[in-house]
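The figures here come from the full heavy-atom set of this structure, side chains too, leaving out hydrogens, waters and symmetry mates.
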Amino acid sequence: MARILVTSAIPYINGIKHLGNLVGSQLPADLYARYMRGRGHEVMFLCATDEHGTPAELAAAKAGKPVAEYCAEMHAVQAELARGFRLSFDHFGRSSSPQNHRLTQHFAGRLAENGYIGEVTEQQVYSSADGRFLPDRYIEGTCPNCGYDKARGDQCENCTKQLDPTDLIDPRSAISGSTDLEVRETKHLYLRQSLLKAKLDAWIDAQSDWPVLTTSIAKKWLHDGDGLQDRGITRDLSWGIPVKKGPEDWPGMEGKVFYVWFDAPIEYIAASAEWAQQHGHPDSAWRRWWRTDEGAKDVRYVQFMGKDNVPFHTLSFPATIMGSGEPWKLVDYIKSFNYLNYDGGQFSTSQGRGVFMDQALSILPADYWRWWLLSHAPENSDAEFTWENFQASVNKDLADVLGNFVSRVTKFCRSRFGEEIPEGGASGPEETALIARLSARLVAYQTHMDAMEIRKAAAELRAIWVEGNEYLQAAAPWAAFKTDPERAAAIIRLSMNLIRVYAVLSRPFIPDAADTLLAALKTENRDWPDSMPNALAVLPAGHGFSVPEMLFGKITDEQREEWQSRFAGKRG
RNA sequence: GGGCCUGUAGCUCAAUUGGUCAGAGCAGAGCGCUCAUAACGCUUUGGUUGGGGGUUCAAGUCCCUCCGGGCCUACCA
């Protein structure tokens, strides 16, 4: 038994995430965590909300609420949606937790002691009307290059020229529109990650089995231009983790907070501390996952994230850990994803384009979404959601191949033998052949799941479902029943057991349907099949069952068309 | 501008890293079955692997070039 630490990139607090966000981190992380638990390993699966930063403050202001209250509410909303999608976090934390405050301040203190923090005085734009410093992209004005009047302070969207906020003609606040802006001096802490460049480079080089997407982004940041740049890790905001050196004040940094991208990854660690506290465990319970000197040496740590998060997980966070000089666990494998597009364009939070988590659950059960999203995960390139594809895949795979198999077996059994598994009869060459095929496919399925090759794993699982239909067709119990009822009984006994195996193997993808099947079979046996012959003999003759409700109904053309138009534009 | 990814059957994707006639699912066509959610099974049509050039005994795979799609480029997170 191994110990697997799994984290999903933590979703930002300012709203409900869309399906693209879901499939980029939380859902595949859940798949992996469930699979590893199913195989009998000890798993710690952590996620949280990322609550700090300017957008959170603005969203709270827009909602007319104190930011702490807003975040607490949105955390509850996101937690509820996570439950709705059956995301099996051991803990869903908050980056604003006291644990994260302590740990973030601790890391900053260690980094400072080791010479990895620099203080830089810089010029930033301050808006009197908004009462805050403005990040570059919250300043709008006319582009000096092309004359576009809605250029942002970091870049002009029209001509793509990189800009400095002071380049803008007639600059104004993108928040209030105020032109009462001034440049002020402010002092910030920088993480001197350039000092760790060689160490990070060697570490990335050693990860030969990581996805290209992951390593190429890291390499780019390490070697582009002048190489890895130091990064500001503090901000002039009120909402965040106060800048402190461990437990002590940081002279000259009063009133400042750490930048979200410094404290967000540390929340992975803090989330486990929150978990320990919530369950009344001592600190050692969470530290054994994170400290290699306190039991984490045998932990395998896997992170899941969209490609936009890769630089922070391959460079900044590792630099934080390395620079601390303390034996914290570094990530062992980073699984990164491309984007999921929506029907010919991008999902858009601002335009309400696409399907959001709450809307998805309001029209179909979680399993439908889980199956489609995972079996089409954007692993090698950006993928696209279309309603036609969704309808076709879900109807065919879930309703026809899996659902109908369960239906034909259980209903046949009920009508010919009654509601218990029939006895008698012997298995023959067809069963031997089936078991051989299933055994080979099981190995392939496990290989893909171990390697986090999600699409391939889904395809293999589907092929395992198909084996059942092929077998039934070849064995034809309805024909055997007329001449040799005991032979039909043997076929059905095996098929009923096959349903249990399907439930166990499918559970990481479609947990609710799997549990429905196990309940119908009146069994709690969820043992992963170590050998197919044994696994297919778990339910004995005489074991009772009930015919389950239709496992998956089909999506009709009318539904598809209605949803297609409903989700095309503004959400409302 | 620079960097990275990507282009394979009508659609969604494979191809053991240079090695038999480029494979699967869906859609289409034909046949079979009647236990089942008009479901299932079998057979089958369909590709000059975006275009062009090159290296090699051998190229979807490596190199050059052109065309298309996407992402990143460090103060949104």
Side-chain angles (χ1 to χ4, degrees), chain A residues 9-14 50-56 58 122 124-125 133-139 152-155 160-162 164-165 174 188 193 211-213 215-217 219-221 223-225 228-232 235 259-261 264 306-312 315-316 338-339 341 346 375-376 378-384 386 388-389 392-393 395-416 453 455-456 458-459 462-463 466 468-481 488 491-492 495 547 549-554:
Chain A
I10 66 178
Y12 199 65
I13 194 71
N14 68 341
D50 179 12
E51 305 193 355
H52 298 134
T54 308
L58 297 180
E122 52 195 18
Q124 290 216 334
V125 175
F133 281 94
L134 297 177
D136 289 358
R137 72 167 45 199
Y138 284 103
I139 302 161
R152 293 188 320 210
D154 55 343
Q155 186 177 34
T160 73
K161 186 179 172 61
Q162 310 248 9
D164 192 87
H188 283 296
Q193 48 188 11
V212 185
L213 185 64
T215 50
S216 65
I217 292 173
K219 283 287 183 188
K220 162 79 169 160
W221 280 53
H223 299 298
D224 193 40
L228 187 61
Q229 301 297 298
D230 293 341
R231 199 175 174 93
R235 291 291 183 275
Y259 175 45
V260 276
W261 264 113
K307 57 186 166 186
D308 50 332
N309 279 341
V310 168
F312 305 101
L315 303 169
S316 308
N338 287 285
Y339 293 143
N341 291 319
Q346 297 196 331
S375 62
H376 294 79
E379 291 176 295
N380 298 323
S381 61
D382 291 351
E384 178 159 321
T386 64
E388 288 83 359
N389 188 303
S393 297
N395 285 355
K396 195 70 193 172
D397 299 347
L398 297 181
D400 295 346
V401 176
L402 177 61
N404 185 50
F405 173 76
V406 171
S407 181
R408 59 198 299 209
V409 169
T410 52
K411 286 182 179 170
F412 180 84
C413 186
R414 181 174 62 184
S415 69
R416 303 295 197 277
E453 296 265 22
R455 283 172 179 245
K456 290 180 186 173
R462 184 190 191 279
V466 168
N469 285 312
E470 290 178 2
Y471 166 69
L472 271 193
Q473 186 66 30
W478 49 89
F481 186 80
I491 295 167
I492 289 304
S495 301
V547 173
E549 293 293 305
M550 186 179 286
L551 203 56
F552 293 102
K554 292 198 196 189

Partner of B:rA15 under the Watson-Crick or G-U wobble criteria, both distances under 3.5 Å, comes out as none

Could you work out the separation of B:rA15 and B:rG23 based on their C1' atoms and round it to a whole Å? 7 Å

Side chains of A:Pro11 and A:Asp50, heavy atoms from C-beta outward: is any pair under 4.5 Å? no

Who pairs with B:rU49 - Watson-Crick or G-U, where each distance is under 3.5 Å: none

Select one nucleotide: of B:rC11, B:rC35, B:rA39, the one nearest the side-chain heavy atoms of A:Arg416. B:rC35

Could you check which of B:rC35, B:rC26, B:rG41 has an atom nearest any side-chain atom of A:Arg462? B:rC26

P spacing across the pair B:rU65 / B:rA22, given as an integer number of angstrom: 29 Å

Sticking with atom C1', work out how far B:rU49 lies from B:rU6, rounded to a whole angstrom. 14 Å

Pairwise C1' distance for B:rU20 and B:rC26, with rounding to whole Å: 28 Å

Contact nearer the 5' end of RNA chain B, comparing A:Ser216 with A:His376: A:Ser216

d(NZ, A:Lys396; C1', B:rU37) in whole Å: 12 Å

What's the verdict on side chain to side chain donor-acceptor pair (under 3.5 Å) for A:Arg455 and A:Asn380, showing C-alpha distance, side-chain angles and the deciding distance? CA-CA 10 Å; A:Arg455 283 172 179 245; A:Asn380 298 323; over 6 Å; no

Taking N and O atoms by type only, does the side chain of A:Asn404 place a donor or acceptor under 3.5 Å from a partner on the base of B:rA39? no

Starting at CD of A:Gln473 and ending at C1' of B:rG32, how long is that distance when rounded to a whole Å? 8 Å

Quick one, give me the B/S/- string for nucleotides 71-77 of chain B, reading 5' to 3', where B means a protein heavy atom under 4.0 Å from the base and S means that only happens at the primed atoms, P, OP1 or OP2. SS-BBBB

Is there a side-chain contact between A:Val125 and A:Phe133, using heavy atoms and a 4.5 Å cut-off? no

Are the ring of A:Trp478 and the six-membered base ring of B:rC35 within the stacking cut-offs of under 5.5 Å and under 30°? yes

Euclidean distance, A:Ile492 CD1 relative to A:Arg414 CZ, rounded to 0.5 Å: 13.0 Å

Between B:rA36 atom C1' and A:Lys554 atom NZ, what is the distance in whole Å? 11 Å

Please report, rounded to the nearest Å, how far the P atom of B:rA24 is from the CD atom of A:Glu453. 20 Å

Is A:Val466 touching bases, backbone alone, or none of the nucleic acid, heavy atoms closer than 4.0 Å? sugar-phosphate

For atom P, what is the distance between B:rG18 and B:rG2, given to the nearest Å? 29 Å

Reckon A:Asn469 touches a base, only the sugar-phosphate, or nothing at all at heavy-atom distances under 4.0 Å? sugar-phosphate

What contact category does A:Asn380 fall into here, base, sugar-phosphate, or nothing, at under 4.0 angstrom with non-hydrogen atoms? sugar-phosphate

Atom CG of A:Leu398 and atom P of B:rA36 are separated, to the nearest Å, by 21 Å

Pair partner, B:rG68 [Watson-Crick or wobble, under 3.5 Å]: B:rU6

If you measure from the P atom in B:rG68 to the same atom in B:rG51, how many Å do you get, rounded? 15 Å

With a 3.5 angstrom cut-off on both distances, give the Watson-Crick or G-U wobble partner of B:rG32, or none if there isn't one. B:rC40

Do A:Lys307 and A:Asn338 pass the side chain to side chain donor-acceptor pair (under 3.5 Å) test, and can you show the C-alpha distance, the side-chain angles, and the key distance before you say yes or no? CA-CA 6 Å; A:Lys307 57 186 166 186; A:Asn338 287 285; 3.0 Å; yes

When rounded to the nearest Å, what value does the distance between P atoms of B:rU16 and B:rC75 take? 39 Å

Side chains of A:Arg235 and A:His52: closer than 4.5 Å at any heavy-atom pair? no

Determine whether A:Trp221 and A:Gln229 make a side-chain contact, defined as any pair of heavy atoms from C-beta on separated by less than 4.5 Å. no

Are A:Arg152 and A:Ile139 packed together at the side-chain level, in the sense that at least one heavy-atom pair is separated by less than 4.5 angstrom? no

How are the rings of A:Trp478 and A:Phe412 set relative to one another: parallel (under 30°), tilted (30 to 60°) or perpendicular (over 60°)? perpendicular

Nearest-angstrom distance, P atom, B:rG3 to B:rA74: 16 Å

A:Glu470 CD - B:rG25 P separation (whole Å): 9 Å

Once you round it to whole Å, what is the distance between C1' of B:rG25 and CG of A:Asp400? 13 Å

For A:Lys456, which contact category applies under a 4.0 Å heavy-atom criterion: base, sugar-phosphate, or nothing? sugar-phosphate

Do the non-hydrogen side-chain atoms of A:Asn395 and A:Phe552 ever get within less than 4.5 Å of each other? no

Could you check whether A:Phe552 gets within reach of a base, just the sugar-phosphate, or nothing at all, counting any heavy atom under 4.0 Å? base

Starting at CG of A:Asn389 and ending at P of B:rC11, how long is that distance when rounded to a whole Å? 12 Å

Where the chi angle of B:rU55 falls, syn if within 90° of 0 and anti if not: anti

